[in-house]
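Single-structure report; data block below.
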2 protein chains.
Amino acid sequence: MERAAVDLVLRDGIHLATIEAICEEAEVSSRTFFNYFDSKEDAILGLSDIKVTDEIVLAHARSARDHDVVTSSVGLIVELISPSLQNTSLHQSRTEILRRYPELFARKVARLTRITDELLDAVRKLMSHDPRFSDSAGAASLLAEPILSLCTASVRISAKEWIAAGSDAPIDEITIRAVALARQVVEKLR
Amino acid sequence: MERAAVDLVLRDGIHLATIEAICEEAEVSSRTFFNYFDSKEDAILGLSDIKVTDEIVLAHARSARDHDVVTSSVGLIVELISPSLQNTSLHQSRTEILRRYPELFARKVARLTRITDELLDAVRKLMSHDPRFSDSAGAASLLAEPILSLCTASVRISAKEWIAAGSDAPIDEITIRAVALARQVVEKLR
DNA sequence: TACATAATTGCACAATGTGCATAATTAATC
DNA sequence: GATTAATTATGCACATTGTGCAATTATGTA
């Protein structure tokens, strides 16, 4: 049904890709459609459930060089979004859809804000592993949000570049490039 | 009608605050409602049209100490959101609504992404006034997005604190505090 | 008053989404 | 293989949001 939804949007446009049409294409009833997706856009955008587990967070906290919170945060973010980067066929169609219909970003972002709190907790944990934040206890917690934003934006750009370059390079390249961008910002602004 | 929408949501809950009920309260027809708002949430959230004019951008570029891009960007962002901070009665109700119904952030964010491109252009202009970015021409443009994210997040936190403290202090306090937060991040991460 | 313009409304309609009862499919057990 | 139990798909009625269009009402102006 996701395939049908995505294909129809690209073929007929978002307005003609009604639930009815999608269900006809997928050969299911419209009622069944809503048994699987909360909304039409869920199917179109493929809003999979990202989980931020303690294991993943800890793994990144330990593996980052010097326990740098930027490196570990970027690594974590890239790992979380990597499934949607690798699922090539569907994902490419979805990327094209977002390009054509920027309004749909809304839902996508909505889902992301749903996990923003989880990500913030994760960044705070990662900060606690970073020696530069080990002394300043509670006050530093306020910095988690700006740090997360900085890292997320860097990943966004880096992923864009990666996709534009043909998605050939290993995904780690996204991480490396994103960390470099974040560092540049810090260097320039200090 | 905005007043009626906001009041009803707080009184009866989002589900019972239907268009029909809101229109009854506001004593207009539902058709009239949609002549003024594109959607129910528009009225509830009061998504006013933020305009990023060249004048405002230039004013901030010039007034910022040392033409620091963080200071000017934060100042710009605070100025853009200040109307919604000052319109006390309605805004307080809306803040409470967002607290109760975090899902509604979606639309709010959607509107913000609509002006993200404008904001990015603004930040690039502000960067061009910052001596630290004057040499590195095109490459630095990539940094606009992370910088904007950093500033936006800092403002978000600072505004939250400001509201929590009772919204008594002048709005400039938001700017000052946000700049301080952004600076802390940069200092810590370098 | 008479006229032009703008604001409001009614009505028909399309589309999304939900609740609930029923049918069809599949798997499990004897 | 037949029977039963679980899951999955469906049909139908309905509420809600939102739009297009034509008609009506209100408002200002000469």
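In what follows, every chain begins at residue 1, and chains take the letters A, B, ... in the order their sequences are listed. Nothing here was measured: the structure is a model prediction, and the numbers come from that model. Scope of the values below: all heavy atoms of this structure, side chains included, with no hydrogens, waters or symmetry mates.
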(message) Using a 3.5 Å distance criterion without hydrogens, assess whether the side chain of A:Arg190 forms a donor-acceptor pair with backbone atoms of B:Arg190.
(response) no
(request) From the options A:Asp38, A:Asp42, A:Ile44, select the one residue that forms a side-chain contact (heavy atoms from CB on, under 4.5 Å) with A:Lys40. (result) A:Ile44
(message) I'd like to know if the side chain of A:Ser154 pairs up with that of A:Arg183 as donor and acceptor (distance under 3.5 Å, no hydrogens or angles considered).
(response) no
(message) Please tell me whether B:Ile77 and B:Ile171 are part of a single hydrophobic cluster in this structure, the criterion being side-chain heavy atoms less than 4.5 Å apart.
(response) yes
(request) Pull out every residue in residues 20-32 of chain B that has a heavy atom closer than 4.0 Å to any atom of DNA chain C, ordered by number, or say none. (result) B:Val28, B:Ser29, B:Arg31, B:Thr32
(message) What is the separation between atom CZ on A:Phe34 and atom C1' on D:dG11, rounded to the nearest whole Å?
(response) 15 Å
(message) Please report the distance, rounded to the nearest Å, between CZ in A:Phe37 and C1' in C:dT18.
(response) 17 Å
(request) First locate atom NZ of B:Lys125, then atom CG of B:Leu58, and finally report the distance between them rounded to the nearest 0.5 Å. (result) 7.5 Å
(message) When you measure from the side-chain N and O atoms of A:Tyr36 to the phosphate of D:dT8, is any distance below 4.0 Å, counting only OP1 and OP2?
(response) no
(message) With nearest nucleotide decided by heavy atoms, which residue, A:Phe33 or B:Lys40, maps closer to the 5′ end of DNA chain D?
(response) A:Phe33
(message) With a 6.0 Å cut-off (strictly less than), is the heavy-atom count around CD of B:Glu20, excluding the residue itself, greater than 12?
(response) no
(message) For A:Ile19 and A:Asn35, find the nucleotide of DNA chain C closest to each by heavy atoms; which residue's nucleotide sits nearer the 5' end?
(response) A:Ile19
